[in-house]
Protein chains: 2
Amino acid sequence: MKITKQGQQIYDLILSSDGHMTAEEILIELKHQNLKIGIATIYRNLNALFTAGYINRVRHPELGYIYDKNKSDHYHFYDKKTKKIYDIDIEYQEKLDRIVEKITGGKVESHSIIFEGILNDKKNND
Amino acid sequence: MKITKQGQQIYDLILSSDGHMTAEEILIELKHQNLKIGIATIYRNLNALFTAGYINRVRHPELGYIYDKNKSDHYHFYDKKTKKIYDIDIEYQEKLDRIVEKITGGKVESHSIIFEGILNDKKNND
DNA sequence: ATGATAATGATAATGATTATCAATATTATA
DNA sequence: TATAATATTGATAATCATTATCATTATCAT
């Protein structure tokens, strides 16, 4: 995959962030950096980066897609107070996939878990 | 909660369905039954039914909200082939919430799991 | 250089959902 | 029961996230 100038800017920004950004946040930040870029280009490059496996994508229940620098299979916590998504570092529950395959007779590729609740004010673990 | 005529029609329809309907599907079906109803009324009542706890709501990765007659804490399977959502009847993994609380120090209200994969053609378990 | 090809970005289009608001239905009260 | 007060409806406009369009611009290969 050939990365373009704009694609690189977007990728760099995600890597330098806490790991979770929406397309809109990326637009605002790159504009702040006085880079000329349009929202269509951002979506186009995010899709390319995602399908090429450079970044991850999660669906936020309110904000649409969140782009995530953490590519590993991992879970998320949605803090209702700050309305932000945080990574949860517990091991992937492989066994659930096998159980569901047994029940349905189908093939499970993966599963995603979103925890929802309230995080403590003090600790702001991204 | 006072249920209106339209609210009742919507609720009845969901109960009589396989359990998973979009607002648009509800509109089409009620129109078929020659009931005069608008999409705004459907969303309004679905929101009311949901917040009052009469029905459940899940986010479909492509189609937006799915309204679900099954109110219990349960998981879902997204079949990439049919693009439909199915209930998965395995027990709620309470222990995951406790683990996450321990890690984050926050309060977990609940979690949702969506399994993704391909279901067998033969069995079409809703 | 120069022509071919690909990427950009402004903007229009789309799809799901919510807001607006005049018309209609329901409820409460005299 | 009439009628005033209040709530709900439904058509439609607005919104929000995302994708499509397409003329312009940048990049690449000769």
Side-chain angles (χ1 to χ4, degrees), chain A residues 1-14 17 20-52 54-68 76 78 83-85 112 114, chain B residues 1-14 17 20-52 54-68 76 78 83-85 112 114:
Chain A
M1 174 201 183
K2 57 224 152 187
I3 191 131
T4 67
K5 181 158 62 77
Q6 286 86 347
Q8 189 68 54
Q9 290 166 350
I10 292 165
Y11 185 52
D12 289 347
L13 177 58
I14 292 173
S17 76
H20 302 107
M21 298 192 85
T22 64
E24 200 62 31
E25 284 169 351
I26 291 169
L27 178 72
I28 290 166
E29 182 54 32
L30 292 181
K31 291 270 191 198
H32 265 179
Q33 298 178 16
N34 282 324
L35 299 175
K36 179 169 157 45
I37 197 163
I39 190 70
T41 302
I42 290 173
Y43 275 108
R44 224 183 286 117
N45 279 279
L46 285 172
N47 279 335
L49 288 165
F50 171 63
T51 52
Y54 285 95
I55 57 174
N56 215 332
R57 200 170 69 172
V58 205
R59 198 172 260 289
H60 181 113
E62 295 182 9
L63 305 179
Y65 286 127
I66 303 277
Y67 296 88
D68 186 348
H76 291 97
Y78 172 49
K83 301 199 174 199
K84 283 185 76 68
I85 293 261
S112 62
I114 298 183
Chain B
M1 175 204 183
K2 56 220 156 191
I3 190 130
T4 66
K5 183 157 63 76
Q6 287 85 346
Q8 189 67 54
Q9 290 167 351
I10 292 164
Y11 185 52
D12 289 346
L13 178 58
I14 291 172
S17 76
H20 301 106
M21 298 191 84
T22 64
E24 199 62 31
E25 285 169 350
I26 291 169
L27 177 71
I28 290 167
E29 182 53 31
L30 292 181
K31 291 270 191 197
H32 265 179
Q33 298 177 16
N34 283 322
L35 299 174
K36 178 167 158 48
I37 198 164
I39 190 70
T41 303
I42 290 173
Y43 275 107
R44 227 183 285 115
N45 280 277
L46 286 172
N47 279 335
L49 288 165
F50 172 63
T51 51
Y54 286 95
I55 58 174
N56 216 331
R57 199 170 70 174
V58 205
R59 199 171 259 288
H60 180 113
E62 296 182 9
L63 305 179
Y65 285 127
I66 301 278
Y67 297 88
D68 186 346
H76 291 96
Y78 172 50
K83 303 199 174 198
K84 282 183 79 66
I85 294 264
S112 61
I114 299 184

Residue list, side chain to side chain donor-acceptor pair (under 3.5 Å) with B:Arg44, at least two apart or on another chain: none
Those residues that, when tested against A:Asp68, pass side chain to side chain donor-acceptor pair (under 3.5 Å) (two or more places apart): A:His20, A:His74, A:His76
Value in whole Å for how far the P atom of C:dT11 lies from CD1 of A:Ile37: 16 Å
Sorted by chain and residue number, the salt bridge (charged side-chain N to carboxylate O under 4.0 Å, His left out) partners of B:Lys83 (sequence neighbours excluded) come out as B:Glu62
Send over the distance from B:Leu46 CG to C:dT18 C1', rounded to a whole Å. 13 Å
Qualifying residues under side chain to side chain contact (heavy atoms under 4.5 Å, CB included), relative to B:Ala48, sequence neighbours excluded: B:Met1
Looking at residues at least two apart in the chain, or sitting in another chain, which of them share a side chain to side chain contact (heavy atoms under 4.5 Å, CB included) with A:Asn47? A:Arg57, A:Tyr67
Would you indicate whether the side-chain heavy atoms of A:Gln9 and A:Leu35 approach each other to under 4.5 Å? yes
Which atom of B:Ile39 lies closest to which atom of B:Ala23, heavy atoms considered: CD1-O, 4.0 Å
Give me, pair by pair, the N or O atoms of the protein and of nucleotides 5-7 of chain D that are less than 3.5 Å apart, along with how far apart they are.
none

Using side-chain heavy atoms (C-beta onward) and a distance below 4.5 Å, is A:Ile66 in contact with A:Met21? no
Once pairs are restricted to Watson-Crick or G-U wobble with both distances under 3.5 Å, how does DNA chain C read as a dot-bracket string, [ ] for crossings and | for other-strand pairs? ||||||||||||||||||||||||||||||
Report the distance from atom NZ of B:Lys31 to atom C1' of D:dG10, rounded to the nearest whole Å. 9 Å
What is the separation between atom CD1 on B:Ile42 and atom C1' on C:dA16, rounded to the nearest whole Å? 13 Å
Gap between atoms CD1 and P, on B:Ile28 and C:dA16 respectively (whole Å): 10 Å
With a 4.5 Å cut-off on side-chain heavy atoms, are B:Asn45 and B:Ile3 touching? no
The ring pair (Phe, Tyr, Trp, His ring centres under 6.0 Å) partners of B:Tyr11 (sequence neighbours excluded) come to B:Tyr54
By side chain to side chain donor-acceptor pair (under 3.5 Å), which residues pair with A:His60, not counting sequence neighbours? none
Look for any protein N or O under 3.5 Å of an N or O in nucleotides 18-24 of chain D and output each such pair with its distance, or none.
{"residue": "D:dT18", "atom": "OP1", "partner": "A:Tyr65", "partner atom": "N", "Å": "2.6"}
{"residue": "D:dT18", "atom": "OP2", "partner": "A:Tyr43", "partner atom": "OH", "Å": "2.4"}
{"residue": "D:dT18", "atom": "O5'", "partner": "A:Tyr43", "partner atom": "OH", "Å": "3.3"}
{"residue": "D:dT19", "atom": "OP2", "partner": "A:Asn47", "partner atom": "ND2", "Å": "3.3"}

Does B:Asn45 put a side-chain nitrogen or oxygen below 4.0 Å from OP1 or OP2 of D:dT8? no
Under 3.5 Å, side-chain donor or acceptor atoms of residues 24-32 of chain B against the rest of the protein: list the pairs with distances, not counting sequence neighbours.
{"residue": "B:Glu25", "atom": "OE1", "partner": "B:Thr22", "partner atom": "N", "Å": "3.0"}
{"residue": "B:Glu29", "atom": "OE2", "partner": "B:Gln33", "partner atom": "NE2", "Å": "3.3"}
{"residue": "B:Lys31", "atom": "NZ", "partner": "B:Ile37", "partner atom": "O", "Å": "3.2"}

Trace of the side chain to side chain contact (heavy atoms under 4.5 Å, CB included) decision for B:Thr41 with B:Thr4: CA-CA 11 Å; B:Thr41 303; B:Thr4 66; over 6 Å; no
Short of 4.0 Å, heavy atom to strand atom, which residues of residues 3-10 of chain A count as contacting DNA chain C? A:Thr4, A:Gln6
